[in-house]
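Whatever order the structure lists ligands and atoms in, that order sets their numbers, starting from 1.
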Amino acid sequence: MKILVTGAYGQLGSTIKELSAQFSQWEFFFTDADSLDITDEKSVAEYFHKINPGFLINCAAYTAVENAEADIETARAVNTVAPGVLAEAAKESQAGFIHVSTDYVFDGKSPVPYRETDTVNPLGVYGATKLAGERRSLEVNSDTIIIRTSWLYSAYGKNFMKTILAKSNEGSLKVVFDQIGSPTWAHDLALAIVHIIKHSEEVFHNEIFHYSNEGVCSWYDFAKAILSIKGRECEVSPVLSSEFVTKAKRPHYSVLNKQKIKKTFGLTIPYWRDSLAECLSSALLDKH
Ligand SMILES: NC(=O)c1ccc[n+]([C@@H]2O[C@H](COP(=O)([O-])OP(=O)(O)OC[C@H]3O[C@@H](n4cnc5c(N)ncnc54)[C@H](OP(=O)(O)O)[C@@H]3O)[C@@H](O)[C@H]2O)c1
């Protein structure tokens, strides 16, 4: 089977590429904005006709949460309209479609981890455009599987873990402790996606699933863990979100309930600190 991965230079796409050699039964095609702009409907249709994939994993997204507040049109084009175009193309090719979404579809007012069926209420443009992209994909293609994830990090691209490491030589950092969630190592999510594709025949599609690593922390705890595991000397002060001026509002609590994905696919999910330690020990970190 041929698997098309869009947004392949990003964190998740790069991780799937790194792992793809382990899955030689499949032929992978990796594209990013330079080779397949997912907002270009004609290019998407042509690419599908040329490759005829059996599965599409959409890792492409407009993920700059702050910039999205001012760049609404681009965020909408990439996060809302394009997933619908991909869903349609996948439907015409009778390909399975996995689309990745976010915990930022929630407003953070829940006192308990969010289930897939809980009320959504995004606080910013990024979350709103991603939510609209979920809905469009599910409407267009009944073979769509949506995976919402949170706090993604990896050796690739830009992410919180790499920012903390880069800033650790400043000697002191302020990090918010009133936003609670679950970090997700892109490696674990990529393996979960592969597992889902392997079992996709047995699964009822047109469904949303939640996936993050196990456990819960604040960004402050996450920063402390990164520095502690790496043995870096840097003072970290816990601060309130209100002490930082940001354009985008973020949920104070966005922990995802993962019972559904674990039960449906028989997945065992690693604890966030164990995965963080593994990621931080990877030689890849020095290369990217
Ligand atoms: N990062 C997180 O903390 C987080 C949290 C929850 C959910 N998610 C979701 O998880 C998924 C993967 O996130 P990620 O962190 O791997 O994202 P990422 O690192 O920002 O990668 C996204 C990729 O999509 C590409 N892209 C943007 N516009 C495109 C277009 N028009 N056509 C084709 N490619 C385009 C980007 O290219 P450029 O860099 O050139 O724009 C980038 O390579 C996304 O759906 C995201 O919304 C992420």
Any N or O of [X] that comes nearer than 3.5 Å to an N or O of ligand 1?
X	answer
L12	yes
D103	no
D32	yes

With a 4.0 Å heavy-atom cut-off (strictly under), which part of [X] contacts ligand 1: side chain, backbone, both or neither?
X	value
L36	backbone
A186	neither
K130	side chain
V78	side chain
Y126	side chain
T63	side chain
W151	backbone

Review point. CG of L267 to NE2 of H195: how many Å apart, nearest 0.5 Å?
Key: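 Atom-to-atom, L267:CG and H195:NE2 are 4.5 Å apart.
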
Exercise for review: Any chance you could measure D103, atom CG, to R148, atom CZ, to the nearest 0.5 Å?
Suggested key: 9.5 Å

Protein contact of [atom] - nearest heavy atom, named by residue and atom, plus distance:
atom	result
atom 19 (O) of ligand 1	Q11 N, 2.9 Å
atom 4 (C) of ligand 1	L152 CB, 3.7 Å
atom 21 (O) of ligand 1	G10 CA, 3.2 Å
atom 6 (C) of ligand 1	T149 O, 3.2 Å
atom 32 (N) of ligand 1	I38 N, 3.0 Å

Proximal atoms of ligand 1 relative to [X] (non-hydrogen, under 4.0 Å):
X	result
C59	12 (C), 22 (C)
T39	31 (N)
D37	30 (C), 31 (N), 32 (N)
Y9	43 (O)

Practice item. Would you tell me which option among T184, T102, V100, V65 has the nearest heavy-atom contact to atom 10 (O) of ligand 1? Key: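 The nearest heavy atom belongs to V100.
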
**Study point:** Heavy-atom proximity to atom 27 (C) of ligand 1, best of A60, S101, A8, A61
**Key:**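 When every heavy atom of A60, S101, A8, A61 is considered, A61 comes closest to atom 27 (C) of ligand 1.
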
Point to revise | Heavy-atom closest pair, residues F222 and C217 | key: CB-SG, 4.0 Å

Review point. Can you name the nearest heavy-atom pair linking Y9 to D32, along with the distance?
Key: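 Shortest heavy-atom separation between Y9 and D32 comes out as N-OD2, 2.8 Å.
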
Exercise for review: Compare all side-chain heavy atoms of F209 with those of F265 and state whether any distance is below 4.5 angstrom.
Suggested key: yes

**Study point:** Y153 side chain near S275 side chain, heavy-atom distance below 4.5 Å
**Key:**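 They are in side-chain contact.
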
Exercise for review: Output the rest of the hydrophobic cluster of L131: all Ile, Leu, Val, Met, Phe, Trp and Tyr residues reachable through side-chain heavy-atom contacts under 4.5 Å, sorted by chain and number.
Suggested key: V105, F106, Y114, V120, I180, V216, Y253, V255, L256

Does the protein place any heavy atom closer than 4.0 Å to [atom]?
atom	result
atom 1 (N) of ligand 1	yes
atom 41 (O) of ligand 1	no
atom 38 (P) of ligand 1	no

Practice item. Could you tell me whether Q94 atom CD has more than 12 heavy atoms of other residues or ligands within 6.0 Å of it? Key: no

Review point. Among the heavy atoms of T6, does any lie under 4.0 Å from an atom of ligand 1?
Key: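 No, T6 has no heavy atom closer than 4.0 Å to ligand 1.
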
Point to revise | Test side-chain hydrogen bond (donor to acceptor under 3.5 Å, both in side chains) applied to Q11 and T63, T184, N159, the passing residue | key: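 Of T63, T184, N159, side-chain hydrogen bond (donor to acceptor under 3.5 Å, both in side chains) with Q11 is met by N159 alone.
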
Check your understanding: Charged N to carboxylate O under 4.0 angstrom, K42 versus E46?
Key ->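 A salt bridge links K42 with E46.
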
Review point. Just checking, any donor-acceptor pair under 3.5 angstrom between side chains of Y62 and D71?
Key: yes

Check your understanding: Can a donor-acceptor pair be found between the side chains of N206 and D143 at a distance below 3.5 Å?
Key ->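 No, no side-chain donor-acceptor pair sits under 3.5 Å.
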
Check your understanding: According to the side-chain hydrogen bond (donor to acceptor under 3.5 Å, both in side chains) rule, which pairs have a member within residues 166-180, sequence neighbours left out?
Key -> S168-R232, D178-S241, Q179-W219, Q179-S241

Check your understanding: Do V236 and Y220 pass the side-chain contact (heavy atoms from CB on, under 4.5 Å) test, and can you show the C-alpha distance, the side-chain angles, and the key distance before you say yes or no?
Key -> CA-CA 8 Å; V236 187; Y220 167 77; 3.8 Å; yes

Review point. Parallel, tilted or perpendicular: which describes the rings of H187 and W185, with under 30° parallel and over 60° perpendicular?
Key: parallel

